[in-house]
Amino acid sequence: MTQVVPQIHEARCWLYYGPTDQGQSEFVDYDGLDPYWTLSDLLINEFDGFRELDTEINGEAVTIRFTYSKSGFTPRPTERINSDRLYELEINIQGRGERKCNYNLSPRHPKMRDSDGDLTTTAFDHTEPDEGLAVDCQPSNIPLDDVPDLLTRAIFELADDAGIGLYHGYFDAPFGGRVTALERYVRITRSMNEKLIGTGGVMDRLAMLLSDTAGTKGMHKWDNEKERGHHHVIRHGSKSASQLVSQHRLGGQLKSYLPEHPAEFEPDDPLYHPKVGTKFVGGRTDGGSVDWADRHDLVQELDERLLSILSWADIPVEAGGTTFVADDHFGAHAVADPVPLHSDPLPRLEAQQEHLLLTCLRDMTPADEDIVETLTADGGTHARDLSEDTGLSLSTIYRCLDRMDGVLTSDNGHVRFVTERLRREVRAIFESVEHQIETAADRVAEIVDQDVRQSASAAFDRWLAKYGAELEPPESDGERSVVRIDTVLSRIKYTQRPMLETVLDEMGTAWQQDGRSVDQLADAIVKVTVDGSREEHTAKTFW
């Protein structure tokens, strides 16, 4: 079996049309707004402002609706039209099932003015040519590559219907564009979906861990009112995307959702089972929208993230099994060119939080202990109330906050744990050891599965942090140490990924720099992902 291929759901993009050479040997000779005036004439004079046409495009029965609306721009004095605002042309194409696309065609020229007569800016202020058509496209279940061709075919179907000729050069290809939103999805069985949305599932863990990352912003929302799993979503930005996969930068959301009325569907109906999707949103991405020319890279990043997250939840990503449910648009087919699956970052993120927790617990004063224990019970309270509850001064409260930075935070005087996960962890520790802080520290050390004395290491700790690695010392005689590396490595030179041999050579060097014999680590088992495949090696093989 091979990897399943996700399906596009919804997207939004802008395509720009104008008189460029478009790969031809000579510059196309027409005015940038000629296509706009030609289509306006077709709509108003031939179709009296509205036309609905049933036809066939590429073997698919479609319905085309052609109409118009008023734009927010005023015409130039030389443009004699019977309106105080320019018209925008609307073309809607409805195909099989939920396949559809809405196109809004709007004229663009230098020094455009809004409805109040004020100068405004458009994307054409930064393009060559500086006038033409800006087309706002909103496709559903239609691949991005098909969006320009579908528009062209619809326009010529309308022209043929009116019995008029139309210059083919107007819509040969867009000279540019931007993608502002795109979602890719698969449909999985409800039972498998529990691994994503259940308590302690991947979405729950992602939300808690990403909320503790500096520089991130996001939201975790769920709606189980009509049906469990009706709608679960994690919204995130670029920094969170890079925390999940180091090479990723697209902000957006991860979601699992059922139809609007889930009770209407029986288990044998594909819509009974949830969609799981990854969505790019330009407004949540550093740098905003994606250039039209980079749309294939955008699709690849979304597919990598979607399938990797499924794999982290132990959900098979191979086509042909019982995990995926085909619907009218998602075929649950195998992809010809699989995308890389990235290693699970959650253990590394959890280890970072728990190491921070360990350090803070070991350094707590008795006053700190009283403050932290109080906060584990109520989740958060104002510093004044905390002072009253513990009998400690406000200055003591704020000194504790300084020492517990990264574990506790204050927002306008409201003191709380940085994440709910940390609060749960600390509460469990206090309850299990009856307030003995030394025992609590030992308990945390067991949780992170590491020797607390390892923190004295300098060079090796830096190596661990650099590659998101962990060292698991042997629990008894005869066992071998295990080094887990979360960074995806490569055997191929001239890639963005670090080389396997270089990383393991650095490991041995760092170990020796801390004054330890290389023989102590030589037999360690190294677990690492290399070019998308999980591998195990013995450390001394590379020394």
Side-chain angles (χ1 to χ4, degrees), residues 1-7 9 183-211 218-236 240-241 243-245 248 252-259 262 265 267 269-279 302-327 330 332 334-335 338-351 353 419-421 424-425 484 486 527 529 532 534:
M1 292 188 294
T2 55
Q3 193 180 91
V4 74
V5 55
Q7 165 69 21
H9 182 208
E183 180 182 343
R184 301 277 288 179
Y185 83 94
V186 295
R187 192 180 294 276
I188 67 175
T189 62
R190 284 200 187 189
S191 58
M192 279 292 182
N193 198 46
E194 284 297 316
K195 296 185 176 185
L196 287 176
I197 68 171
T199 302
V202 164
M203 292 186 73
D204 189 27
R205 294 168 66 202
L206 280 173
M208 287 193 292
L209 291 165
L210 292 177
S211 67
M219 181 183 299
H220 184 200
K221 297 181 67 176
W222 61 93
D223 180 358
N224 294 319
E225 283 189 322
K226 294 181 179 179
E227 191 83 31
R228 173 168 170 75
H230 189 200
H231 193 272
H232 288 238
V233 61
I234 295 176
R235 297 185 178 126
H236 64 84
S240 294
Q243 287 291 306
L244 299 180
V245 178
H248 287 187
Q253 61 190 33
L254 167 70
K255 63 179 182 176
S256 167
Y257 57 106
L258 293 166
F265 303 96
D269 191 317
L271 298 185
Y272 175 83
H273 303 281
K275 284 182 176 178
V276 178
T278 47
K279 185 174 183 178
L302 291 181
D303 286 1
E304 287 182 17
R305 190 177 307 152
L306 174 57
L307 297 179
S308 292
I309 289 174
L310 292 179
S311 72
W312 303 341
D314 292 327
I315 296 175
V317 297
E318 293 83 10
T322 58
T323 298
F324 300 102
V325 181
D327 58 32
F330 170 63
V335 67
V339 299
L341 297 181
H342 300 276
S343 58
D344 185 355
L346 298 182
R348 172 176 55 84
L349 294 174
E350 289 168 342
Q353 284 196 5
T419 68
E420 174 63 17
R421 181 178 180 279
R424 294 179 193 172
E425 201 76 69
R484 301 180 187 274
D486 284 334
K527 296 186 177 183
T529 300
R534 198 66 181 169

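This structure is a prediction, so every number in the text was calculated from the model and none was measured.
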Which atom pair, heavy atoms only, marks the closest approach of D204 to G198? CB-O, 4.0 Å
Short side-chain to backbone donor-acceptor contact, K226 and P262, under 3.5 Å: no
Distance from L341 atom CG to R534 atom CZ, nearest 0.5 Å? 12.5 Å
Answer yes or no: is there a side-chain heavy-atom contact under 4.5 Å between P270 and F265? no
Before you tell me yes or no, could you show the steps for F330 and V4 under side-chain contact (heavy atoms from CB on, under 4.5 Å), namely the whole-Å CA-CA distance, both residues' side-chain angles and the distance that decides it to 0.1 Å? CA-CA 10 Å; F330 170 63; V4 74; 3.9 Å; yes
Within a strict 4.5 Å, meaning less than it, do heavy atoms of the V5 and R184 side chains meet? yes
Minimum heavy-atom distance I234-A207, with the two atoms named: CD1-N, 4.0 Å
Would you name the heavy atoms of H273 and P267 that are closest together and state the gap between them? NE2-O, 3.2 Å
Test side-chain contact (heavy atoms from CB on, under 4.5 Å) on D223 and K221 and set out the steps. CA-CA 7 Å; D223 180 358; K221 297 181 67 176; over 6 Å; no
Indicate the atoms forming the closest heavy-atom contact of V335 with T2, along with that distance. O-OG1, 4.3 Å
Could you tell me whether the side chains of N224 and H232 share a donor-acceptor contact shorter than 3.5 Å? yes
Evaluate the side-chain contact (heavy atoms from CB on, under 4.5 Å) criterion for residues L196 and I309: first the C-alpha distance (whole Å), next the side-chain angles of each, then the deciding distance (0.1 Å), finally the verdict. CA-CA 9 Å; L196 287 176; I309 289 174; 4.2 Å; yes
Can a donor-acceptor pair be found, under 3.5 Å and without considering hydrogens, that links the side chain of H236 to the backbone of M219? no
CE/M192 to CD1/I315 distance, rounded to the nearest 0.5 angstrom? 6.5 Å
Measure the spacing between CZ of R235 and OG of S240 and express it to the nearest 0.5 Å. 14.0 Å
Describe, in one word, how the ring planes of H248 and H342 are oriented to each other, choosing from parallel (under 30°), tilted (30 to 60°) and perpendicular (over 60°). perpendicular
Nearest heavy-atom neighbours spanning I197 and G229: CD1-CA, 3.5 Å
Nearest heavy-atom contact between P274 and R190 is CD-CG, 3.8 Å
Would you say the side chain of V186 lies within less than 4.5 Å of the side chain of L306, judging by non-hydrogen atoms? yes
SB check E183 K275 (cutoff 4.0 Å): no
Could you check whether the rings of Y185 and H9 sit parallel, tilted or perpendicular, using 30° and 60° as the cut-offs? perpendicular
With rounding to the nearest 0.5 Å, note down the distance linking CG in N193 to CD1 in I188. 4.5 Å
Determine, step by step, whether H220 and L206 satisfy the side-chain contact (heavy atoms from CB on, under 4.5 Å) criterion, reporting the C-alpha distance in whole Å, the side-chain angles of both residues, the deciding distance to 0.1 Å, and the verdict. CA-CA 9 Å; H220 184 200; L206 280 173; over 6 Å; no
What's the separation between atom OG in S308 and atom CG in D303, rounded to the nearest 0.5 Å? 10.0 Å
Return the CG to CG distance between L302 and L307, rounded to the nearest 0.5 Å. 10.5 Å
